[in-house]
*Asks:* 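Could you have a look at this structure, given as structure tokens, before my questions?
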Amino acid sequence: MLLIYCPYCEEERSELEFRNGGDAHIARPTNMAEISDEEFEAYFFLRDNPKGVIFERWRHVHGCGRFFNAARDTISDRFLTTYKAGEPKPDLNEKPKTGAEVETYEALEGAAQ
Amino acid sequence: MADQAIATRNVPLAGRRGGSPAAILTPADPASRIALRAGAEAVSALSAALGVTLPVRPKTSASTGRRHALWLGPDEWLVIDEDNADLMAAAASSGVVHSAVDVSHRNTAVIVSGPGAEVAINSGCPQDLSLAIFPVGACSRTIFGKAEIVLFRTAEDTFRVECWRSFSPFVFGLLSEGAEDAAY
Ligand SMILES: [Zn+2]
């Protein structure tokens, strides 16, 4: 089971209490009525789907109810850091403040052969 | 003349008993409750009006007699009065901007008590309920099986499990299973 650090509850909680909210830091156009279909498509539908670090919104839906942001590795499912909604993207080269090792199946059982 | 219908309150878990010697399950008596939302600037006035200090630290509660204020989120509390006092009127008398919704009948509660109370609740709840992490007075909205609950530790071996009334047969049933397991 993944443990996710909620920056509002200030502790790690089970993934069962959380819900993913899609990509973070997607700026909603302020001139929605004027943009072209292509620009709207880029804003609304097109995502990078990276292999590696992704910045996502998460909601502590069965907890404090708050949305927050997380940097997660899409290969290992490891959460690199989490931070409150509205805060800028953190510098991932700095030591993450949560620090704790996250238990993954791969870490416990070894990588799949 | 038509007969007059008289509404009587239907308590969700009326008559239920359960658990095991390790974890006894008791449906809680009816209580009044409000779901309270307010900004930081309203906390002190609301605390004065309700007669209980709204906690601002995660996972903490405050109690005055049989009235309890449970931190659910940075601007959200569940206030419970076991003597069925009018919490809506008390909150309204604060005179500050807030949102209060009467959820007295939406919620019901099960009291889980005994040396196996932690184990019984952990049968469906992933939180660490050891005393060091979840001390007496700690509270949290969390998940129990497929139902959302608010957990409130009222003593070392006693928890109040608040849930929505439509989920209460499920919660009581799963708690019963957990209480049986806790006896072994
Ligand atoms: Zn939280």
Side-chain angles (χ1 to χ4, degrees), chain A residues 1-22 24-25 55-72 76-79 81-90 96-109, chain B residues 35-40 54-61 69-78 99 101 103 107 118 121-135 137-153 161-164 167 170-171 174 178:
Chain A
M1 183 171 299
L2 280 173
L3 295 175
I4 302 172
Y5 182 90
C6 173
Y8 295 96
C9 292
E10 299 173 2
E11 69 176 14
E12 289 181 322
R13 296 283 185 82
S14 157
E15 62 179 303
L16 298 177
E17 293 187 357
F18 296 85
R19 190 168 295 166
N20 181 283
H25 304 289
F55 291 86
E56 296 171 314
R57 302 172 81 212
W58 283 77
R59 187 175 178 217
H60 195 183
V61 58
H62 298 302
C64 63
R66 269 353 74 152
F67 279 94
F68 59 93
N69 292 331
R72 181 177 65 91
S76 64
D77 261 346
R78 184 192 181 91
F79 279 76
T81 189
T82 58
Y83 50 103
K84 290 181 178 177
E87 292 181 355
K89 271 188 188 179
K97 60 188 170 192
T98 57
E101 289 294 313
V102 179
E103 288 184 5
T104 64
Y105 176 82
E106 290 77 7
L108 292 171
E109 305 291 333
Chain B
L36 182 65
R37 304 288 302 266
L54 296 176
V56 294
R57 296 287 310 149
K59 234 169 78 171
T60 60
S61 69
L70 279 52
W71 187 97
L72 296 186
D75 60 1
E76 184 176 3
W77 297 266
L78 175 65
S99 157
V101 178
V103 294
N107 277 27
E118 278 177 29
I121 293 165
N122 274 146
S123 68
C125 175
Q127 286 213 19
D128 185 344
L129 300 180
S130 60
L131 267 172
I133 303 295
F134 206 98
C139 60
S140 177
R141 184 158 50 194
T142 180
I143 194 96
F144 182 69
K146 296 191 176 195
E148 186 172 283
I149 58 167
V150 172
L151 197 55
F152 178 30
R153 187 175 213 143
V161 179
E162 287 268 329
C163 66
W164 289 27
F167 287 94
F170 167 82
V171 168
L174 189 54

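Each chain gets a letter, A, B and so on, in the order its sequence line appears, and its residues count up from 1. It should be emphasised that the depicted structure is a prediction, and the values quoted were computed from it without experimental measurement. What's counted below: heavy atoms across the whole structure, side chains too, no hydrogens, waters or symmetry copies.
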*Asks:* Using the salt bridge (charged side-chain N to carboxylate O under 4.0 Å, His left out) criterion, which residues pair with B:R37? Sequence neighbours excluded.
*Replies:*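 Once residues adjacent in sequence are excluded, the partners of B:R37 under the salt bridge (charged side-chain N to carboxylate O under 4.0 Å, His left out) criterion are B:D75.
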*Asks:* So for B:S140, is it side chain, backbone, both, or neither that comes closer than 4.5 Å to the heavy atoms of chain A?
*Replies:*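 B:S140 touches chain A through side-chain heavy atoms alone.
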*Asks:* Just checking heavy atoms, which of residues 55-65 of chain A are less than 4.5 Å from chain B?
*Replies:* A:V61, A:H62, A:G63, A:C64, A:G65
*Asks:* Answer yes or no: is there a side-chain heavy-atom contact under 4.5 Å between B:E76 and A:R66?
*Replies:*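 A side-chain contact exists here, since the closest heavy-atom pair is under 4.5 Å.
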*Asks:* Can you tell me how far OG of A:S14 sits from CG of B:D128, rounded to the nearest 0.5 angstrom?
*Replies:* 12.0 Å
*Asks:* With a 4.5 angstrom heavy-atom cut-off, is it the side chain or the backbone of A:E11 that approaches chain B, or both, or neither?
*Replies:* side chain
*Asks:* Applying ring pair (Phe, Tyr, Trp, His ring centres under 6.0 Å), name anything that partners B:F152, two or more places apart in sequence or on another chain.
*Replies:*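 B:F152: ring pair (Phe, Tyr, Trp, His ring centres under 6.0 Å) contacts with B:H68.
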*Asks:* For A:Y8 and B:W71, which heavy atoms make the closest approach, and how far apart are they?
*Replies:* O-CH2, 4.0 Å
*Asks:* Just jot down the salt bridge (charged side-chain N to carboxylate O under 4.0 Å, His left out) partners of A:E10, sequence neighbours excluded, or say none.
*Replies:* B:R57
*Asks:* Which atoms form the tightest heavy-atom contact between A:R13 and B:Q127, and what is the distance?
*Replies:*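 Smallest interatomic distance, heavy atoms only, reads NH1-NE2, 3.1 Å.
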